[in-house]
Amino acid sequence: MSIFRRLGVAVVALAAFTMWPASGAMAESRQVPVGGTGSAQTGEFTPSSAGDVTQDEFPTGDNDEGPDPYNGTISFSTGTGGGPSVSSAKKAKSNPTFNFGFEGLNHYQQRYSRGGNQFSVEPPDQGMCVGNGYVVEAVNDVFNVYSTATGASVLPDNTATNIVSGFPRNVNHAVDLNSFYGYPPAINRSTGVRGEFVTDPSCIFDAQTQRFFVVSLTLDSQVPGPCQGVFSCVNHLDLAVSQTNNPTGGWNIYRIDVTNDGTNTGGVNPGPYLGDYPHIGADANGIYLTTNAYPWHANGFSGAQIYALSKAQLAAGAASVTMQHIDTSGTVNVPSDAGSTQPGFTLWPAQSPGTSQFNLANNGTEYFLSSNAADEAQKPAAGTAGSRTSNQIVVWTLTNTASLNTTSPAVSLGNKVLTVGRYGVPPKQQQPGSGTAPTAAVPQGHCLNDATTLLFNGQAGCWNLLVGPAAHAAGAEVVASPDSNDTRMQQVMYANGKLWGALDTALNPDGGPQRAGIAWYIVNPVTPKVVLSGYLGASGHDFTYPAIGVTASGRGVMAFTDTGDATYPSAAYAPIDASVGVGAWNDVTGGLGAAADDGFSGYRQQNFPNPIRSRWGDYGAAAVDGNSIWIASEYIAHTCDYTDWGGPFFAGGTGDNLLGTCGGANHGPGARTALANWSTRISKLTP
């Protein structure tokens with residue numbers, strides 16, 4: 001989740017070519033001491049109630065409307081943009097084998113954990129990992145642990161103490177991320193004091209060390225702050241490492257300050273920087289974190305950052321760990337209109353299944369994949385618009401990783417640029433009713449347009465429950481077109497000697513209108529060469545936010561969200577292997593969307609964001625556990641009738657005393673909140 005304005009400039013697209021010699025990049029070292037301990041237990045709080053001093057719902061605004069979609073045609077056969085369009089992919093029946101699934105974390109649990117001292121957040125950002133009989137899930141901004149056998153939460157039941165507006169609230173044992181990392185509440189609603197803001201969680205289980213690793217970006221709070229209102233400029237990666245193979249126990253927390261990690265390109269992108277969009281990977285020797293560095297005080301980009309730490313030292317709970325930091329700005333030699341070099345953008349570090357899939361050559365090797373259609377990857381200080389399309393991906397190779405376990409670590413980074421089929425920024429997703437006035441089945445949007453319903457206090461107009469008169473615009477709202485991703489690389493795996501990755505792209509299925517789809521890649525990183533690649537799209541559908549999991553034998557599953565003209569946002573999947581590529585797709589059992597996305601970020605009157613950007617996804621997750629693959633995606637799990645949404649806030653109504661939960665007279669658990677209805681779906685499959 002990016003909560004700040006990202007790069008607002010565009011650039012000229014790169015020319016296509018096959019390969020270019022990599023430039024080496026050396027790392028600088030610094031010590032990262034253990035910063036404390038954490039646990040999956042709710043911290044202290046004052047229960048929120050109707051008498052709170054603040055009703056603030058949002059930590060900050062996001063003023064970025066997102067990049068413009070690619071306005072051409074993406075070819076399936078030639079990749080040049082001028083050939084035949086993608087044919088609709090077939091729907092599968094029983095391959096891979098679905099074992100079972102369950103609803104994971106949802107917005108009701110997120111908003112009302114820790115006694116309601118949480119903000120409303122979109123999108124959830126899906127972190128999920130599996131091992132030793134546990135499924136660990138972390139999203140913005142809440143955490144849970146489930147049994148792999150039943151899908152039930154194995155954390156203590158905190159319902160009785162989780163009091164919100166006078167009643168205990170069942171959040172399925174979930175714990176807020178501020179508690180998990182040892183911070184005060186995101187906001188103390190009895191005083192208005194804000195704590196740290198934790199965002200963008202990612203998770204892996206490392207079978208070699210039998211440890212879980214969860215990383216998040218944390219922004220320090222300061223009122224008033226010099227950088228973004230309530231925030232100071234200080235931000236850090238919080239890396240939590242389980243002390244044993246049981247994630248319900250204690251965790252060690254390592255805090256990595258990333259405030260000054262970026263490149264000042266001649267004063268164009270001055271620091272301090274925000275370490276946005278962190279992700280995590282591992283090889284035999286190290287844990288690798290990556291970020292995108294954005295300057296706080298300028299509209300630009302300052303390169304992807306890599307942080308390499310000894311896995312063994314982290315697993316042992318060392319008091320201090322030596323970390324190697326690499327700034328990728330200017331390390332990709334590409335002769336293009338963007339200049340002689342380009343910075344790395346969204347380098348996704350690879351993770352591997354089991355204990356035998358690591359590359360031990362060159363004294364230990366870790367791989368990353370990235371794409372380069374984004375403005376950030378091409379010319380972060382440019383001032384003219386580009387096409388936001390490319391036919392290249394970048395393979396990054398970090399060698400000498402075994403040195404991370406020595407007193408003098410010295411890793412080295414190189415890269416190769418590979419030619420692939422053309423991809424470009426996709427259009428927004430469509431869902432039933434997109435662009436039309438919300439009906440009563442889309443309660444928040446309908447409420448904002450509703451000027452007649454009589455309220456409990458005698459006022460007329462549901463909109464009075466959500467916005468003030470100055471913000472109200474009668475009939476202004478329409479059913480959202482959820483945001484697609486840009487073209488940044490998504491989850492990467494190194495398995496069976498290959499790199500596996502995918503990204504969002506514009507496609508024209510069956511020669512019809514442009515839709516959001518997926519471009520996928522299977523790469524031999526040693527050669528390096530593309531072993532197999534292709535697209536996944538379907539007429540009348542949008543596929544977004546892919547995440548690939550692959551077993552040691554090379555059998556995989558790709559998770560993604562499926563929306564469409566007649567399909568509410570759903571959790572979907574397709575098989576993938578190096579012989580046939582991606583096979584027929586389907587929505588997971590139990591993962592078919594029940595209603596339209598009805599989140600606050602899709603409505604102009606909520607003043608978040610401006611212009612409207614209906615936030616969705618940011619990333620999904622896949623995890624390998626033996627021969628099984630677990631996948632997780634965002635979807636809409638529940639319906640909520642307008643009358644139940646209003647409850648006692650409508651004249652003569654009954655139900656929950658929290659607006660919009662559809663929680664009934666027993667006060668929940670609710671199907672949603674007043675402002676959002678996202679959920680996550682976790683499924684186990686055997687490819």
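This structure is a prediction, so every number in the text was calculated from the model and none was measured.
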Original post:
Which heavy atom of Asn117 sits nearest a heavy atom of Ser48, and at what distance?
Top reply: ND2-N, 4.3 Å

Subject >> Heavy-atom pair of closest approach, residues Val214 and Tyr181 >> reply: O-OH, 3.1 Å

**OP:** Tell me whether the centres of the aromatic rings in Phe100 and Trp630 are closer together than 6.0 Å.
**Re:** yes

Original post:
Leu289 versus Pro278: any side-chain heavy-atom pair under 4.5 Å?
Top reply: no

**OP:** State whether Arg681 and Asp587 are salt-bridged, where the test is any N-O pair (Lys NZ or Arg NE/NH1/NH2 against Asp/Glu carboxylate O) under 4.0 Å.
**Re:** no

Original post:
Do the side chain of Asp141 and the main chain of Val121 share a donor and acceptor less than 3.5 angstrom apart?
Top reply: no

Original post:
When you check the side-chain N and O atoms of Asn246 and Thr244, is any donor under 3.5 Å from an acceptor?
Top reply: no

**OP:** For the pair Tyr108 and Arg169, evaluate side-chain contact (heavy atoms from CB on, under 4.5 Å) and give the outcome as yes or no after the intermediate values.
**Re:** CA-CA 10 Å; Tyr108 178 87; Arg169 306 290 173 171; 3.6 Å; yes

Original post:
When you check the side-chain N and O atoms of Thr199 and Asp125, is any donor under 3.5 Å from an acceptor?
Top reply: no

**OP:** Name the orientation class of the two ring planes belonging to Phe143 and Trp251 (parallel below 30°, tilted from 30 to 60°, perpendicular beyond 60°).
**Re:** perpendicular

Subject >> Donor-acceptor contact below 3.5 Å, side chain Asn140 vs main chain Asp200 >> reply: yes

**OP:** With side-chain contact (heavy atoms from CB on, under 4.5 Å) as the test, would you mind laying out the steps for Glu103 and Asn172 before giving the verdict?
**Re:** CA-CA 11 Å; Glu103 183 182 3; Asn172 193 29; over 6 Å; no

**OP:** Quick one: closest heavy-atom pair of Pro353 and Val624, and the distance?
**Re:** CB-CG1, 3.7 Å

Subject >> Closest heavy-atom pair and its distance - Gly583, Leu536 >> reply: O-CD1, 4.4 Å

Original post:
Do Asn485 side-chain atoms and Thr544 backbone N/O form a donor-acceptor pair below 3.5 Å?
Top reply: no

Subject >> Side-chain donor or acceptor of Ser179 paired with backbone N/O of Thr42 under 3.5 Å >> reply: no

**OP:** Test Pro349 against every option in Val492, Thr290, Ile287 by the side-chain contact (heavy atoms from CB on, under 4.5 Å) rule and name the one that passes.
**Re:** Thr290

**OP:** Tell me, with the steps shown, if Tyr521 and Leu503 meet side-chain contact (heavy atoms from CB on, under 4.5 Å).
**Re:** CA-CA 9 Å; Tyr521 311 100; Leu503 51 80; 3.8 Å; yes

Original post:
Are the side chain of Glu366 and the backbone of Ala284 linked by a donor-acceptor contact shorter than 3.5 Å?
Top reply: no

Subject >> Distance-only donor-acceptor check, side chains Ser614 and Asp597, under 3.5 Å >> reply: yes

Subject >> Side-chain (Ser190) to main-chain (Asn188) donor-acceptor, under 3.5 angstrom >> reply: no

Subject >> Nearest heavy atoms of Arg211 and Val241, plus distance in Å >> reply: CB-CG1, 4.4 Å

Subject >> Donor-acceptor side-chain pairing of Ser484 and Asp504 below 3.5 angstrom >> reply: no

Original post:
Is there a ring pair (Phe, Tyr, Trp, His ring centres under 6.0 Å) between Tyr134 and Phe205 once you walk through the steps?
Top reply: CA-CA 10 Å; Tyr134 299 101; Phe205 173 74; 9.2 Å; no

Subject >> Parallel, tilted or perpendicular, as decided by the 30° and 60° cut-offs, for the rings of His107 and Trp678 >> reply: perpendicular

Original post:
Counting distance only, does the side-chain N/O of Trp348 pair as donor-acceptor with the main-chain N or O of Arg488 below 3.5 Å?
Top reply: no

Original post:
Donor-acceptor pair, Asp238 side chain versus Arg255 backbone, under 3.5 Å?
Top reply: no

**OP:** Begin with the C-alpha distance, continue with both residues' side-chain angles, and end with the deciding distance and a verdict on side chain to side chain donor-acceptor pair (under 3.5 Å) for Ser120 and Glu57.
**Re:** CA-CA 5 Å; Ser120 287; Glu57 284 292 335; 2.6 Å; yes

Subject >> Side chains of Glu634 and Thr561, donor plus acceptor under 3.5 Å >> reply: no

**OP:** Classify the ring geometry between His541 and Trp585 as parallel (under 30°), tilted (30 to 60°) or perpendicular (over 60°).
**Re:** perpendicular

Subject >> Residue pair Thr551 / Asn627, side-chain donor-acceptor N/O under 3.5 Å >> reply: no

**OP:** Mind running side chain to side chain donor-acceptor pair (under 3.5 Å) on Thr661 and Asp656 for me, showing each step along the way?
**Re:** CA-CA 7 Å; Thr661 67; Asp656 196 0; 2.6 Å; yes

**OP:** Go through Gln444 and Phe600 one step at a time and tell me if the side-chain contact (heavy atoms from CB on, under 4.5 Å) criterion holds.
**Re:** CA-CA 8 Å; Gln444 181 184 192; Phe600 62 86; 3.8 Å; yes

Original post:
Any chance the side chains of Tyr288 and Asp283 put a donor and an acceptor closer than 3.5 Å?
Top reply: yes

**OP:** Please determine, by modelled atom types, if Asn158 and His173 share a side-chain donor-acceptor pair under 3.5 angstrom.
**Re:** no

Original post:
Between Tyr146 and Glu137, is any side-chain donor less than 3.5 angstrom from a side-chain acceptor?
Top reply: yes

**OP:** Heavy atoms only: give me the nearest Tyr307-Val258 pair and the separation to one decimal.
**Re:** OH-CG1, 3.3 Å

Original post:
Does Leu675 reach the side chain of Phe58, with side-chain heavy atoms less than 4.5 Å apart?
Top reply: yes

Original post:
Is Thr401 reaching over with its side chain to a backbone N or O of Gly364, donor-acceptor style, under 3.5 angstrom?
Top reply: yes

**OP:** With rounding to the nearest 0.5 Å, note down the distance linking CD1 in Ile548 to CE in Met493.
**Re:** 10.0 Å

**OP:** Take Asn252 and Gln243 through the side chain to side chain donor-acceptor pair (under 3.5 Å) test and state the conclusion after the steps.
**Re:** CA-CA 6 Å; Asn252 294 318; Gln243 295 174 352; 3.0 Å; yes

**OP:** With Leu239 as reference, evaluate Val32, Ile280, Val34 under the side-chain contact (heavy atoms from CB on, under 4.5 Å) test and give the passing residue.
**Re:** Ile280

